[in-house]
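Some notes on the structure that comes next.
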Amino acid sequence: MNTLAQMHFTIIDYVIFALLLMASMGIGLYYALSGGRQRTTQEFLLADRSMSCLPLSLSLIATFQSAVAIVGVPAEVYTHGTQYWFIGCAYILGLAIPAHIFIPVFYRLHLTSAYEYLELRFSKLVRICGTVTFIFQTVVYMGVCVYTPALALNAVTGFDLWGAVLATGLVCTLYTTLGGLKAVIWTDVFQTLVMFAGQLAVIVVGVYQTGGVTVVWKKIWEGNRISGIDLNPDPTERYTFWTLGVGGVFMMLSLYGVNQAQVQRYLSSKTERNAIMSCYMVFPSLQLALALSCIMGLVMFARYCGEDHFHKLGVFSKNEMVLYFVMDMLQGLPGLSGLFIACLFSAALSTISSAFNSLATVTLEDLIKPHCPPMTEARATLLSKGLACSYGLLCLAMAYLTHLMSDSVLQAAFKIFGMVGGPLLGVFCLGLFFPWANSTGALVGLGSGLVMAFWVGIGSILSQTSRGTPGVFQFNCTAAQLSGNITTAIGTAIISTAGPAGTLRQPTGLQRFYSLSFMWYSALNSFTVVITGLIVSFLTGPMKEEDVTPGTLYPLMANICHLKQKLCCTTSLEHMPISQECPTAFQKDNSCQVIHTKGLPEERHSFLPTSRTPVLERETAL
Ligand SMILES: CC(C)(CO)[C@@H](O)C(=O)NCCC(=O)O
Ligand code: NA
């Protein structure tokens, strides 16, 4: 069966794939030879802090949009309907909160690594623990990212698995090591465009071959693929509006708010305003990416609806379906399957390169520099190149470990984000919003967050109760065919969640705790960190607000008052005189706000107005 698709992977397809790799290498080479020629860490790790909005926003979306999403989301929509699409709701707060809370604090502190914040706010040890946690998260995630496209390609076309893994890993290591963050960002831009083009091409051809938009729509409608909003409050339900729209916000915060890969991009921006703008610009492209993936799943459904699933997609795992569909669809259209493979690998490369560069940054800034005698800029740059390269090789090893991974890579990626990213988000929130939190609290909090994460995470794997909502398996237009061949990958998902008599097994007690939807992992684990952190801080002597390093607290109350005044000042308070008592933080805004800040306690104004001031204060604070 595989040979059918294999035959149609022509020389043109290989050429397109090779072009992608070569163009990425070319960009790396260009930035190795232009500008400052990557001779300073400022250039290699922070692109000279000179990036503008558009490339930044396309690079931001590329970071966590890997082949995992490209193959995982359509398969999810194909088997379960469009419920997953509601994750788009989480993008609103998931990007607005980083833009207005995390970016201003990090940018004004003039950081290089996000974990420097943890030292400024807490202590060296918290910083190291944060860094190590991040490294662990990224290395595991990287393995999934390299392995996914290679495995899919291998399963469907017979393309050599380890050849593909090696090609991705090596090319990526090379351009990241040569061209630094500038190359990473500009290849991201190019690769994001290739990614969109590939998905769009498949959708257009798919719709055409299925018989046009009306036919596709009719089949989707009859097959019951369009899911209404599921407001079921049950937290063990994998995807509902609440798990996606609320739990998803916490996942987005852990990725777009505090993850080094993204923070590094915000920091490489020319101005703070620019960084905020680029974060907002991620919203439309992320919605587009989501829409394309979901529509592809629907087209896939329409294409095979009424045909025998067992012989079509049934034999493939969730991760391979999309590729099979694409190869089947694009037969006789040379170049298009190559474009889709390029799309898949673009998505993977852009994620892995961000991982290499951010890993090199934190290892140098957080683990090596603070504990070694001062080194020259040339030495530090050489070291960071060496680090980027070593992480590249480590990634190949991780891909090998991923060999043993679960059936859905999308689920695996979300679990990693929630289990390791969640506790990290918690530590940052603890520092930003709670002046009383001390460093013991942060350490114990992070530890307990991780324990909670692995308890639930490993518990869910061992007890195998991660329920795949069987209610949504409504292959109405093909019900007859499907029931006969239910031993497929999809079929086993239903069987595993049903009791012996075919009825649903309701988990109880600990089992129920283990079957918590992985979409809640980020929220659960970050709350665990904050709550334990606060309890331990109060027990061990809470910090006084005036002892906290200036600029590391987010003045939540002051900003809420500020917002209130902003809303009412335009109407009644226009004629009031401008007072000299205005705290500096608000001076740059409209003069009408000035008067209303009088009532706020002075120490709330730790939110410093310029990017320079905190740097000076930092020297004395350390
Ligand atoms: C993380 C989000 C939701 C947003 O960026 C999305 O890109 C996604 O579903 N990513 C899955 C993981 C991956 O593609 O590697
Ligand atoms: Na990507």
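This chain uses plain numbering: 1 for the first residue, then up along the sequence. Indexing begins at 1, ligand by ligand and atom by atom, following the structure's order. The analysis underlying the following values was restricted to heavy atoms, covering all of them including side chains, and did not include hydrogens, waters or symmetry mates.
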Taking every heavy atom of Ser66 against every heavy atom of Cys145, the minimum-distance pair comes out as OG-SG, 3.7 Å
For Ala69, the ligand 1 atoms with a heavy-atom partner under 4.0 Å come out as 10 (N), 11 (C), 13 (C), 14 (O)
- Query: Are the aromatic ring centres of Phe417 and Phe64 under 6.0 angstrom apart?
  - Reply: yes
Numbered in order shown, the ligand 1 atoms found under 4.0 Å of a heavy atom of Phe414 are 9 (O), 11 (C)
Next on the checklist: Is there a side-chain contact between Phe340 and Val322 in this structure, where contact means two heavy atoms from C-beta onward sitting under 4.5 Å apart?
Outcome noted: yes
Will you find, in the side chains of Gln264 and Thr361, an N or O donor that is under 3.5 Å from an N or O acceptor?
yes
Measuring centre to centre across the rings, with the benzene-like ring taken for any Trp, is Tyr554 within less than 6.0 Å of His100? no
Within the 4.0 Å heavy-atom cut-off, what Leu286 brings close to ligand 1 is side chain
When distances are taken from atom 10 (N) of ligand 1, the protein heavy atom at minimum range is Phe64 O, 3.0 Å
shortest atom 6 (C) of ligand 1-to-protein heavy-atom contact is with Gln65 OE1, 3.4 Å
re atom 5 (O) of ligand 1, the protein heavy-atom contact at minimum distance is Tyr256 OH, 2.9 Å
Near the Na ion (ligand 2), protein N/O/S count under 3.0 Å comes to 5
Quick look: Leu255 vs ligand 1, heavy-atom contacts under 4.0 Å, and the answer is side chain
ring-ring contact (aromatic ring centres under 6.0 Å, His included) test vs Tyr117 passes for just one of Phe102, Tyr107, Phe428, namely Phe428
message: Hydrogens and angles aside, do Gln191 and Ser24 bring a side-chain donor and acceptor to less than 3.5 Å of each other?
response: yes
The closest protein heavy-atom partner of atom 13 (C) of ligand 1 is Ser66 OG, 3.2 Å
Closer than 3.5 angstrom, by distance alone: can the side chain of Ser50 be matched with the main-chain N or O of Ser269 as a donor-acceptor pair? no
Note: Ile61, heavy atoms under 4.0 Å from ligand 1, region reported as neither
The closest protein heavy-atom partner of atom 9 (O) of ligand 1 is Tyr84 OH, 3.3 Å
- Message: Below 4.0 Å from ligand 1: does a non-hydrogen atom of Thr351 turn up there or not?
- Response: no
task = Give me the ring orientation class for Tyr84 and Tyr239: parallel if the planes are under 30° apart, tilted from 30 to 60°, perpendicular past 60°.
result = perpendicular
(message) For the backbone of Ala99 and the side chain of Tyr266, can you confirm whether one donor and one acceptor N or O come within less than 3.5 Å of each other?
(response) no
**OP:** Would you check if Val184 and Leu181 make a side-chain contact, meaning some heavy-atom pair closer than 4.5 Å?
**Re:** yes
- prompt: Side chains of Pro74 and Ser293: closer than 4.5 Å at any heavy-atom pair?
  reply: yes
message = Tell me whether Val73 has any N or O atom under 3.5 angstrom from an N or O of ligand 1.
response = no
Do ligand 1 and Tyr91 have nitrogen or oxygen atoms that lie under 3.5 Å from each other? no
Parallel, tilted or perpendicular: ring planes of Tyr115 versus Phe134, cut at 30 and 60 degrees: tilted
A student checking ligand 1 against Leu410 at a 4.0 Å heavy-atom cut-off should list atoms 11 (C)
